[in-house]
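In this text, all values refer to a predicted model and were calculated from it rather than measured experimentally. Keep in mind that the numbers below use all heavy atoms, side chains included, and drop hydrogens, waters and symmetry copies. Sequence positions, counted from 1, serve as the residue numbers for this chain.
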Amino acid sequence: MRFTTISSIETDHRSDAKLYVMFHGYGNDETEMIRMLGAIDPDADYMSVRGPIRRENQGGNAWYDSGSDDNAAIRDRCSAVGDDIVDMLDATAMHDRPVVSIGFSQGGYLAYRLLAEHPDVFDAAVLLSPSFHDGADDDDGDEEIEESLVVEQITDQPSRVFLGYGALDTRVPAEQQEAIGRSLARFADVDAHVYPDMGHDVCEQEFADVRHFLAL
């Protein structure tokens with residue numbers, strides 16, 4: 001799988017400085033997350049990845065087909081993308097630093113799957129209005145998460161997750177929002193927020209809460 005990325009990494013940053021790995025929403029590209037990080041941690045090191053699916057007639061990119069109702073296929077695709085991302089991080093010798101995944105919408109679901117399946121790689125995740133495709137049609141998603149928790153059980157350190165939604169979000173159904181909260185509660189320490197005047201978007205208060213979550 002071929003990825004297009006934009007990276008900004010300062011070579012003299014301390015070895016404990018965070019590295020952000022970022023995934024944009026449907027129909028956008030890697031610059032979306034760079035703009036968001038500018039409001040959160042503007043001097044940080046990052047790798048922002050472009051979704052491999054190009055929307056030929058509409059522009060922008062995606063991680064999976066948003067019109068599909070095949071949750072198992074979406075999970076499989078996100079798992080394959082996640083495996084390649086982890087291999088790429090390992091090849092860059094950045095895996096010894098604290099790594100935080102950040103994703104919006106589709107990218108939020110991808111960041112969730114990365115954390116669930118590779119808890120030894122990612123120290124925390126910031127999920128901004130994530131979609132959710134585990135569960136309802138079969139139990140494969142839950143089984144994959146259970147297998148991934150072996151490392152988590154050894155370290156006895158639950159992953160830290162920021163989860164944010166807008167109360168006016170009509171893009172991600174309420175049942176998906178509730179389901180991801182339940183799933184995260186099984187293996188993560190979740191800091192959940194709902195913003196009353198926000199739709200499927202981000203806002204300044206959310207950025208402030210993320211900064212607090214990340215102890216910036």
Side-chain angles (χ1 to χ4, degrees), residues 1-7 20-40 46-86 88 100-117 122 125-137 141 161-181 183-184 192-195 197-203 206-207 210:
M1 194 176 301
R2 179 179 292 274
F3 292 106
T4 297
T5 68
I6 296 178
S7 300
Y20 297 95
V21 183
M22 306 188 294
F23 310 101
H24 62 80
Y26 178 76
N28 219 305
D29 63 25
E30 65 277 18
T31 62
E32 174 186 48
M33 301 311 297
I34 295 171
R35 291 192 297 271
M36 289 189 191
L37 187 63
I40 297 168
Y46 64 80
M47 178 185 298
S48 191
V49 189
R50 180 188 301 172
I53 300 175
R54 176 68 180 170
R55 303 196 316 161
E56 294 296 338
N57 299 319
Q58 300 162 294
N61 301 270
W63 300 101
Y64 54 83
D65 178 6
S66 67
S68 173
D69 58 2
D70 187 344
N71 284 337
I74 291 173
R75 288 197 299 271
D76 288 346
R77 178 167 186 84
C78 287
S79 291
V81 170
D83 290 345
D84 285 351
I85 293 291
V86 168
M88 186 166 59
V100 178
S101 61
I102 304 181
F104 175 74
S105 195
Q106 275 197 359
Y109 179 64
L110 177 57
Y112 157 83
R113 293 300 301 185
L114 277 164
L115 185 71
E117 296 178 19
F122 295 90
V126 176
L127 311 182
L128 306 172
S129 303
S131 54
F132 191 63
H133 302 280
D134 286 16
D137 51 358
V161 176
F162 179 96
L163 177 64
Y165 282 109
L168 306 180
D169 190 341
T170 58
R171 188 77 56 84
V172 180
E175 55 268 27
Q176 286 191 20
Q177 298 182 31
E178 294 165 2
I180 194 172
S183 183
L184 285 167
H193 296 260
V194 176
Y195 300 93
D197 299 321
M198 190 176 83
H200 191 67
D201 204 345
V202 292
C203 66
E206 186 171 32
F207 290 147
V210 171

Is any side-chain heavy atom of [X] closer than 4.5 Å to a side-chain heavy atom of [Y]?
X      : Y      : result
Phe104 : Met22  : no
Leu184 : Leu127 : yes
Pro130 : Leu163 : yes
Phe162 : His193 : yes
Tyr112 : Ser183 : yes
Leu114 : Phe122 : yes
Val81  : Phe23  : no
Ile53  : Trp63  : no

- Message: Going by ring pair (Phe, Tyr, Trp, His ring centres under 6.0 Å), name the residues that satisfy it together with Tyr26, two or more places apart in sequence or in a different chain.
- Response: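 None.
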- Can you sort out the partners of Tyr20 under ring pair (Phe, Tyr, Trp, His ring centres under 6.0 Å), two or more places apart, ordered by chain and number?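 Partners of Tyr20 under the ring pair (Phe, Tyr, Trp, His ring centres under 6.0 Å) test: none.
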- Message: Set out, in order, the CA-CA distance, both residues' side-chain angles and the distance that settles side-chain contact (heavy atoms from CB on, under 4.5 Å) for Ile102 and Val21, then state yes or no.
- Response: CA-CA 6 Å; Ile102 304 181; Val21 183; over 6 Å; no
List the residues meeting side chain to side chain contact (heavy atoms under 4.5 Å, CB included) with [X], not counting sequence neighbours, and say none if there are none.
X      : value
Asn28  : His24, Glu32, Arg35
Ala179 : Phe132, Arg182
Ser105 : His200
Leu168 : none

Once rounded to the nearest 0.5 Å, what's the spacing between atom [atom1] of [X] and atom [atom2] of [Y]?
X     : Y     : atom1 : atom2 : answer
Ser7  : Ile34 : OG    : CD1   : 8.5 Å
Ser48 : Ile6  : OG    : CD1   : 6.5 Å
Ser79 : Ile74 : OG    : CD1   : 12.0 Å

- Apply side chain to side chain donor-acceptor pair (under 3.5 Å) to the pair Tyr195 and Asp201, showing each step before the final yes or no. CA-CA 10 Å; Tyr195 300 93; Asp201 204 345; over 6 Å; no
- Which is it for Met198 and Tyr165 under the side-chain contact (heavy atoms from CB on, under 4.5 Å) test, yes or no, and what are the steps along the way? CA-CA 8 Å; Met198 190 176 83; Tyr165 282 109; 5.9 Å; no
- Partners of Tyr64 by side chain to side chain donor-acceptor pair (under 3.5 Å), sequence neighbours excluded?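 Here the qualifying residues are Ser131, His133.
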- Task: Name all residues meeting the side chain to side chain donor-acceptor pair (under 3.5 Å) criterion together with Asp84; count only those two or more places apart in sequence or in a different chain, and write none if there are none.
- Result: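 With sequence neighbours excluded, Asp84 shows a side chain to side chain donor-acceptor pair (under 3.5 Å) to no residue whatsoever.
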- Got a sec, which pairs hit salt bridge (Lys or Arg N to Asp or Glu O under 4.0 Å) with one end in residues 167-179, sequence neighbours left out?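 Every candidate salt bridge (Lys or Arg N to Asp or Glu O under 4.0 Å) pair involving residues 167-179 fails, so no pair, neighbours aside, qualifies.
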- Name all pairs fulfilling the salt bridge (Lys or Arg N to Asp or Glu O under 4.0 Å) condition that reach into residues 46-55, sequence neighbours left out, sorted by first residue then second.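 For residues 46-55, and leaving out neighbouring residues, the salt bridge (Lys or Arg N to Asp or Glu O under 4.0 Å) pairs sorted by first residue read Glu30-Arg50.
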- Message: What I want to find out is whether Arg113 reaches Asp134 closely enough, with some N-O distance under 4.0 Å, to be called a salt bridge.
- Response: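 Judged by the 4.0 Å cut-off on N to carboxylate O distance, Arg113 and Asp134 do form a salt bridge.
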- Report the C-alpha separation of Asp65 and Arg77 in whole Å, then their side-chain angles, then the decisive distance to 0.1 Å, and conclude whether the side-chain contact (heavy atoms from CB on, under 4.5 Å) test is met. CA-CA 10 Å; Asp65 178 6; Arg77 178 167 186 84; over 6 Å; no
- Ignoring hydrogens and geometry, is there a side-chain-to-backbone donor-acceptor pair from Ser68 to Asp70 under 3.5 Å?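 Between the backbone of Asp70 and the side chain of Ser68 there is a qualifying donor-acceptor contact (under 3.5 Å).
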- Message: Go through it in stages, so that I can follow the logic: the residues are Val202 and Phe207, the test is side-chain contact (heavy atoms from CB on, under 4.5 Å), and I'd like the CA-CA distance, side-chain angles, deciding distance and then a yes or no.
- Response: CA-CA 8 Å; Val202 292; Phe207 290 147; 3.6 Å; yes
- Item | Shortest non-hydrogen contact between Leu115 and Ala125, atoms and distance |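 Closest approach of Leu115 to Ala125, heavy atoms only: CD2-CB, 3.9 Å.
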